Visitor: 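Would you mind keeping the following structure in view while I ask a few things?
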Amino acid sequence: MPETLDILIQPVAQSRIEEVDFQNLVFGRTFSDHMFIAEYDQGQWQDLRIVPYGKIGLDPALMALHYGQSIFEGMKAFRTDEGKTVLFRPEKNWARMNKSARRMCMPELPEEVFMGGIKQLIQMDQAWIPTQEGSSLYIRPFMFASDEYIGMRPSEKYLFVVFTCPVAAYYANPVRVKIESHFVRAAEGGIGAAKTAGNYAASMYPAQLAQKAGYDQLVWTDAKTHEFVEESGTMNLGFVINGNFITPPTGDTILDGITRMSVLQLAKDFGLGVEERRVSVKEIIQAHQNGHLEEAFGIGTAATISPVQCIGYEGQDYELAPLTEQSFGMRAKKYLTDLCKGRVKDNHKWMTEVA
Ligand SMILES: *Cc1c(COP(=O)(O)O)cnc(C)c1O
């Protein structure tokens, strides 16, 4: 390892862990003791350090604030029943972070910086990994443009930061979704495949309108025709129709979710027919009317599987039966939970142990 990649460690004088009520964790509000920071300047990642979690000073001319070069990841660490600390497919997050970086004209992160930084941070804050059923340590790596300049060009300086949050089991209440047929999340050639801040900023207004109309979330449709379903706000979508698992293909407009790719593999493992193809709104409504729409759910890191209870389309609400224990969605969710707790064999080598 080159010398610049040594990580400087500045531990907290006093841990805050005693102040945390692990029985009542609110998602995204509790931050572990430390954070990892790396700086990119003069074409190099440097000044790698783990320091107490806390404020970072920002210049008003910080480029990320003006032009939005900002990308992030979301992943989780778990404590297995045997007490090991494990990460779920972290190399996929690393690859996706770099894919987002390329699209946004930001520098890629070498494996030693992304993986090395995260592993050392998790090791230091291991005590923050909650152990209650379904809980985990949520990891938020992100990178943003840190040049102080208001000219319109890619920044030359960046900050990569990772912090973590202990989170409770996410009891996914079945969601009411509205199929969006006016607003657009992503278009061919756009930035939908990047986990970049602007995508979420752009989705807030349409999502708020849907919430005012009594829905929890939107289902985005393709920008050109609004005939094909794409994904939800921060989740991919899966359907079981006639015993087949169907999910729209990822590409320019659909984020390549790691939970989605895992659930797709599980559908094969569990012997379901698997179709990765475009799904029209019409097909879903028809399948629902014919009684062939067996399951519909969101797929993502936060909840793993979020059952859909109602689909709203053009003023009409289509109600779905709750997912049973035997449903594919609930079996996949249970398998992934068990895997992260070390209770089932890791057939696909999805788990990485933090030494
Ligand atoms: C993060 C995200 C997902 C889910 O990806 P996972 O890797 O499974 O967490 C899906 N869609 C969007 C738009 C996302 O930002």
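Both ligands and their constituent atoms are indexed starting at 1 by order of listing. Keep in mind that the numbers below use all heavy atoms, side chains included, and drop hydrogens, waters and symmetry copies. Here the structure is a predicted model, which is why all the values come from computation and not from measurement.
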Visitor: Strictly by modelled atom types, are E230 and T253 linked by a side-chain donor-acceptor pair under 3.5 Å?
Guide: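 Looking only at side-chain atoms, T253 and E230 do form a donor-acceptor pair, the distance falling under 3.5 Å.
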Visitor: Using the ring of each side chain (for Trp, its six-membered ring), is F27 parallel, tilted or perpendicular to Y170, with breaks at 30° and 60°?
Guide: perpendicular
Visitor: Ring centres under 6.0 Å, that's the criterion: do Y318 and H288 meet it?
Guide: yes
Visitor: Answer yes or no for M75: is there a heavy-atom contact with ligand 1 below 4.0 Å?
Guide: no
Visitor: Pairs of nitrogen or oxygen atoms closer than 3.5 Å, one from T301 and one from ligand 1: do any exist?
Guide: yes
Visitor: Could you tell me if the ring centre of F72 sits under 6.0 Å from that of Y200?
Guide: yes
Visitor: What atoms of ligand 1 come closer than 4.0 angstrom to any heavy atom of G233?
Guide: 13 (C)
Visitor: Applying a 4.0 Å heavy-atom criterion (strictly less than), which segment of R89 is in contact with ligand 1: side chain, backbone, both, or neither?
Guide: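 R89 to ligand 1: no contact under 4.0 Å from either part.
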Visitor: May I ask whether M261 places a heavy atom under 4.0 Å from ligand 1?
Guide: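 No, M261 has no heavy atoms under 4.0 Å from ligand 1.
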Visitor: Are any of the N/O atoms in I258 less than 3.5 Å from those in ligand 1?
Guide: yes
Visitor: Hey, what do you get for CZ (R277) to CZ (F228), rounding to the nearest 0.5 Å?
Guide: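 Taking CZ in R277 and CZ in F228, the distance rounds to 10.0 Å.
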Visitor: When only distance counts, is Y200 in polar contact with ligand 1, meaning an N/O pair under 3.5 Å?
Guide: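 Between Y200 and ligand 1 (N or O atoms, distance only) the closest approach is under 3.5 Å.
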Visitor: Please write down residue, atom name and distance for the protein heavy atom closest to atom 12 (C) of ligand 1.
Guide: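 Among all protein heavy atoms, the one nearest atom 12 (C) of ligand 1 is E231 OE1, 3.3 Å.
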Visitor: Is it true that S262 lies under 4.0 Å from ligand 1, counting heavy atoms only?
Guide: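 No, S262 has no heavy atoms under 4.0 Å from ligand 1.
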Visitor: Could you find the nearest protein heavy atom to atom 4 (C) of ligand 1 and give me its residue, atom name and distance?
Guide: T234 O, 3.6 Å
Visitor: Which is it for R153 and D147 under the salt bridge (Lys or Arg N to Asp or Glu O under 4.0 Å) test, yes or no, and what are the steps along the way?
Guide: CA-CA 10 Å; R153 58 143 173 83; D147 251 4; 3.1 Å; yes
Visitor: Given E73, which of R89, K195, R96 fulfils the salt bridge (Lys or Arg N to Asp or Glu O under 4.0 Å) condition?
Guide: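 Considering R89, K195, R96, a salt bridge (Lys or Arg N to Asp or Glu O under 4.0 Å) with E73 is found only for R96.
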Visitor: Between R96 and ligand 1, does any nitrogen or oxygen pair lie at a separation below 3.5 Å?
Guide: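 Between R96 and ligand 1 (N or O atoms, distance only) the closest approach is under 3.5 Å.
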Visitor: In ligand 1, which numbered atoms sit nearer than 4.0 Å to a non-hydrogen atom of M235?
Guide: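 Going through ligand 1 atom by atom, the ones under 4.0 Å from M235 are 10 (C), 11 (N).
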Visitor: Give a yes/no verdict on a cation-pi contact between R140 and F163, requiring under 6.0 Å between NZ or CZ and the six-membered ring centre and an angle within 45° of the axis.
Guide: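 Because its charged atom misses either the 6.0 Å distance or the 45° angle limit, R140 does not stack over F163.
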Visitor: Could you pull out, from A193, G74, A303, G257, the option with a heavy atom nearest to atom 5 (O) of ligand 1?
Guide: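 It is G257 that holds the nearest heavy atom.
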Visitor: Please say whether S232 places an N or O atom under 3.5 Å from an N or O atom belonging to ligand 1.
Guide: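 Not met; the criterion fails.
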Visitor: Please report whether ligand 1 has a polar contact with T259, defined as an N or O pair separated by less than 3.5 Å (distance criterion only).
Guide: yes
Visitor: How far is atom 2 (C) of ligand 1 from the closest protein heavy atom, and which atom is that?
Guide: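 Ranking protein heavy atoms by distance from atom 2 (C) of ligand 1, first comes K195 NZ, 2.6 Å.
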Visitor: Aromatic rings F297 and F245: how do their planes relate, parallel, tilted or perpendicular, breaks at 30° and 60°?
Guide: parallel
Visitor: Run R343 and E133 through salt bridge (Lys or Arg N to Asp or Glu O under 4.0 Å) and show every step you take.
Guide: CA-CA 12 Å; R343 294 170 189 154; E133 196 62 30; 2.9 Å; yes
